[in-house]
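Just the heavy atoms: all of them, side chains too, but no hydrogens, waters or symmetry mates, feed the values below.
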Amino acid sequence: MEDAPQQANGLPTGHDAAPTPEQEFARLGLADVRPPTPIGNFRYGVRAGDLFYVSGTYGTVKNDKGEDVFPISGKLGRELTVGDGYRSARLVAVNLLAMARSELGSLDRVDQVVRLAGYVNCVPGFAEAPAVVNGASDLLIEVFGQDRGSHARISLYQNDLPREAPVACELTLYLRD
């Protein structure tokens, strides 16, 4: 019995390899995203053994002057909806990945997304923090795929965050090398 012809990636001819995290990040139009400017004396992330801890950040974007601005700001359950919070959490995840990429050189070095901690700025009685933080979780799974992107998570309720940020998150990654 003859072996099926294989591509350089080891898959049978006619089967495409799953895209890498870097390819997915680019496909989503995020390859040129620059990480936010730190607002304190810290690094974007620190490696400890095989784990990489990404510093907490917010859902900012760069304006024309290169300054970090909040396209979405405020408190969930007051002026912001769950949908607004979801979009903000997605921007937070973009920034977390840009920060990790800046320190690591490539998202392809990530073997597993381990843990995401999300902090949701909300009014008392708001009960949808998990739905808000799904914005970050969903992006991580889009970039890394279901197996590598699925992670442990906590979604916490906060009575305030700096600069009226709706969401803040921190991330732990397991590295290949």
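Summarising the hydrophobic clusters (Ile, Leu, Val, Met, Phe, Trp, Tyr; side-chain heavy atoms under 4.5 Å, direct or chained), the residues clustered with L91 are V61, V69.
In terms of heavy-atom proximity, P21 sits nearest to F144 at CG-CD2, 3.5 Å. Listed here is the closest heavy atom pair of L104 and R109: O-NH1, 2.9 Å. Heavy-atom minimum distance, P35 versus S102: CG-CB, 4.0 Å. Across all their heavy atoms, A100 and L107 have their closest contact at CB-CD2, 4.3 Å. Pairing each heavy atom of P36 with each of T57, the nearest pair is CG-OG1, 3.4 Å. When all heavy atoms of V113 and G149 are compared, the closest pair comes out as CB-O, 3.8 Å.
In this structure, D138 does not pair ionically with R90, as no charged nitrogen and carboxylate oxygen lie closer than 4.0 Å. A salt bridge links E164 to R78: at least one charged side-chain nitrogen sits closer than 4.0 Å to a carboxylate oxygen.
Side chain to side chain, R163 and S73 fail the donor-acceptor criterion of an N or O pair below 3.5 Å.
Considering only heavy atoms from C-beta on, S55 comes within 4.5 Å of F42 through its side chain.
Side-chain atoms of R176 come within 3.5 Å of backbone N or O of D108 as a donor-acceptor pair. Within the 3.5 Å criterion, the main-chain N or O of S106 finds no donor-acceptor partner in the side chain of R101. Between the side chain of Q158 and the backbone N or O of P166 there is no donor-acceptor pair closer than 3.5 Å. Of the possible donor and acceptor atoms, one in the side chain of R148 sits under 3.5 Å from a partner among the backbone N and O of V110.
Within 6.0 Å of atom CG in N63, more than 12 heavy atoms from other residues, nucleotides or ligands are found, so the atom counts as buried in its surroundings. A 6.0 Å sphere centred on OH of Y157 holds more than 12 heavy atoms belonging to other residues, nucleotides or ligands.
Of the inter-residue distances, the one linking L96 atom CG with L139 atom CG reads 9.5 Å to the nearest 0.5 angstrom. To the nearest 0.5 angstrom, L156 atom CG is 10.0 Å from C169 atom SG. We find the CG-OG distance between L76 and S88 to be 8.0 Å, quoted to the nearest 0.5 Å. In this structure, CG on D147 lies 8.0 Å from CD on Q112, to the nearest 0.5 angstrom. Atom-to-atom distance recorded for T37:OG1 and D68:CG is 4.5 Å, nearest 0.5 angstrom. The CD1 atom of I154 lies 6.0 Å from the CZ atom of R115; values are rounded to the nearest 0.5 Å.
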Side chain to side chain contact (heavy atoms under 4.5 Å, CB included) between V114 and L51, intermediate numbers included = CA-CA 9 Å; V114 176; L51 293 176; 4.2 Å; yes
Any chance you could lay out the side chain to side chain contact (heavy atoms under 4.5 Å, CB included) test for R34 and K62, step after step, and finish with the verdict?
-> CA-CA 8 Å; R34 294 177 299 157; K62 299 282 186 189; 3.6 Å; yes
Go through the steps to decide whether R153 and S137 satisfy the test side chain to side chain donor-acceptor pair (under 3.5 Å), and finish with yes or no.
-> CA-CA 9 Å; R153 188 179 89 180; S137 291; 2.9 Å; yes
Please lay out, stage by stage, how T81 and D84 fare under the test side chain to side chain donor-acceptor pair (under 3.5 Å).
-> CA-CA 5 Å; T81 66; D84 295 327; 3.2 Å; yes
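Partners of E103 according to the salt bridge (Lys or Arg N to Asp or Glu O under 4.0 Å) rule, which considers only residues two or more places apart in sequence or in another chain, are R43. Checked against salt bridge (Lys or Arg N to Asp or Glu O under 4.0 Å), E79 has no partners two or more places apart in sequence or in another chain. Residues that satisfy the side-chain contact (heavy atoms from CB on, under 4.5 Å) test with Q23, not counting sequence neighbours, are P19, T20.
Applying the ring pair (Phe, Tyr, Trp, His ring centres under 6.0 Å) test to residues at least two apart or on different chains, the pairs with a partner in residues 46-102 are Y58-F70.
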Under 3.5 Å, sequence neighbours excluded: what are the donor-acceptor pairs made by side chains of residues 119-131?
| from | atom 1 | to | atom 2 | distance (Å) |
| --- | --- | --- | --- | --- |
| Y119 | OH | E170 | OE1 | 2.8 |
| N121 | OD1 | K75 | NZ | 2.7 |
| N121 | ND2 | A165 | O | 3.1 |

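Side-chain heavy atoms closer than 4.5 Å link hydrophobic residues (I, L, V, M, F, W, Y) into clusters, and following such links, possibly through other members, connects V167 to V82. Taking hydrophobic clusters as Ile, Leu, Val, Met, Phe, Trp and Tyr residues chained together by side-chain heavy-atom distances below 4.5 Å, L140 shares a cluster with L28. Linking ILVMFWY side-chain heavy atoms closer than 4.5 Å, directly or via other members, places L97 and I141 in two distinct hydrophobic clusters. Linking ILVMFWY residues whenever their side-chain heavy atoms come closer than 4.5 Å, directly or via other members, leaves V94 and L161 in distinct clusters. Side-chain heavy atoms closer than 4.5 Å link hydrophobic residues (I, L, V, M, F, W, Y) into clusters, and following such links, possibly through other members, connects V143 to V33.
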